[in-house]
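One structure is given here, and the rest of the page talks about it.
Atoms within each ligand, like the ligands themselves, are counted from 1 in listed order.
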Amino acid sequence: MNYPVNEIFETIQGEGAKTGVPSVFLRLQGCPVGCSWCDTKHTWEVDKTKLTSIENVVDVSNTSDCWADLDENMLLSRLQKYSAKHIVITGGEPCMYDLRPLTALLHQNGFTTQIETSGTFEIYTHENTYVTVSPKVGMKGGYSVLVSALNRANEIKHPVATEQHIRDLQALLAKISHNQFVEVCLQPISQKKRATELAIAECIKHNWRLSVQMHKYLMID
Ligand code: SF4
């Protein structure tokens with residue numbers, strides 16, 4: 001299966017429960033969700049006129065909307081060149097695509113996988129993929145967060161700036177099956193002071209985890 005790839009780079013996971021894990025990020029092109037604070041707006045459109053070669057998306061900081069069309073075998077052979085064995089598939093919205101061919105091949109070859117999704121698309125991935133749902137509620141694209149995505153999540157990483165975001169999160173958590181363990185992380189939006197203070201207070205109150213986007217404080221990709 002072919003995937004539209006915006007960017008591949010090796011770094012340290014900076015968010016959520018896997019913060020600190022050496023990882024290769026595979027950023028797919030395409031997202032219709034429309035978050036106003038999105039920091040990867042260049043990934044929203046899959047414009048066929050922006051098709052490019054693999055060299056232009058690997059180990060370069062690609063902030064443009066160009067993308068390479070790569071299948072799972074091409075991706076495996078590229079990903080095997082890195083030291084990190086944890087592959088984070090992000091976007092854009094990676095669950096616009098069937099991730100089973102790619103994640104199955106990666107697990108067969110000794111990798112672990114993680115996906116970062118808004119929860120607004122059905123999740124098709126390997127059974128051992130660590131699924132991070134960062135629920136996007138009420139965005140201008142008009143998509144709803146799916147209960148099936150919440151129930152597949154290993155962690156829910158919720159962007160937070162206001163008390164309304166906490167209420168949104170609690171409404172989502174109430175939909176999850178009671179026998180499902182899910183790690184809950186609060187992530188202050190854009191490192192704002194008030195958002196961070198709110199997130200710390202709510203994490204302590206509910207025994208949730210704080211996710212501070214470590215890479216932004218370290219000023220790395
Ligand atoms: S879901 Fe992610 S990529 Fe899509 S608009 Fe929202 S923040 Fe951006």
Side-chain angles (χ1 to χ4, degrees), residues 3-9 11 13-19 23-47 50 57 61-68 70 87-99 102 113-125 129-162 164-166 168-169 171-172 175 182 184-192 195-196 199 211-216 221:
Y3 300 92
V5 176
N6 173 268
E7 195 176 25
I8 299 173
F9 60 97
T11 186
Q13 171 60 285
E15 302 185 4
K18 295 212 175 276
T19 293
S23 304
V24 182
F25 276 70
L26 170 59
R27 187 182 305 289
L28 300 185
Q29 188 78 16
C31 182
V33 177
C35 307
S36 57
W37 68 81
C38 177
D39 56 9
T40 55
K41 287 181 176 161
H42 58 283
T43 66
W44 286 9
E45 301 298 327
V46 186
D47 180 345
K50 299 298 172 69
V57 299
S61 187
N62 181 20
T63 53
S64 82
D65 55 357
C66 70
W67 53 279
L70 305 174
I87 309 300
V88 181
I89 306 171
T90 188
E93 173 43 72
C95 292
M96 289 174 68
Y97 308 102
D98 184 349
L99 300 172
L102 173 60
T113 62
Q114 177 178 4
I115 59 173
E116 297 182 335
T117 174
S118 62
T120 56
F121 285 78
E122 292 292 347
I123 297 169
Y124 297 109
T125 191
T129 299
Y130 187 87
V131 174
T132 300
V133 172
S134 185
K136 304 300 187 316
V137 177
M139 298 302 147
K140 70 174 189 230
Y143 287 80
S144 301
V145 176
L146 304 179
V147 175
S148 58
L150 295 171
N151 278 321
R152 176 61 182 85
N154 297 98
E155 76 177 344
I156 294 186
K157 189 178 63 184
H158 199 63
V160 58
T162 67
Q164 182 59 48
H165 295 140
I166 303 296
D168 290 343
L169 171 60
L172 293 170
K175 297 178 181 177
V182 63
V184 177
C185 301
L186 290 188
Q187 186 158 288
I189 292 175
S190 304
Q191 297 77 54
K192 296 225 167 74
T196 304
S211 172
V212 293
Q213 296 184 292
M214 179 186 76
H215 53 293
K216 293 192 178 174
D221 283 336

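In this model, a donor atom of one side chain and an acceptor atom of the other lie less than 3.5 Å apart for Thr132 and Gln114. Using modelled atom types and a 3.5 Å distance limit, the side chains of Ser118 and Glu93 yield a donor-acceptor pair.
In terms of protein heavy atoms, atom 6 (Fe) of ligand 1 is closest to Cys35 SG, 2.3 Å. In this structure, atom 1 (S) of ligand 1 lies nearest to the protein heavy atom Cys31 SG, 3.6 Å. The shortest contact between atom 8 (Fe) of ligand 1 and any protein heavy atom is with Cys38 SG, 2.3 Å.
Of all atoms in ligand 1, listed by their number and element, those nearer than 4.0 Å to a heavy atom of Thr40 are 3 (S). Of all the atoms in ligand 1, the ones that sit under 4.0 Å from a non-hydrogen atom of Gly92 are 3 (S). Near Gly34, with a cut-off below 4.0 Å to any heavy atom, the atoms of ligand 1 are 5 (S).
Looking at Thr120 against ligand 1, nothing comes within 4.0 Å, counting heavy atoms.
In this structure, Trp67 contributes its side chain and Asp47 its backbone to a donor-acceptor pair below 3.5 Å.
A perpendicular orientation is assigned to the rings of His165 and Trp37, their planes being inclined by more than 60° (bins at 30° and 60°).
Ion pairing between Lys18 and Glu155 fails under the 4.0 Å rule for side-chain N and carboxylate O.
Look at Trp44 and you'll find a heavy atom under 4.0 Å from some atom of ligand 1.
The heavy-atom pair separating Val212 from Gln191 by the smallest distance is O-NE2, 4.5 Å.
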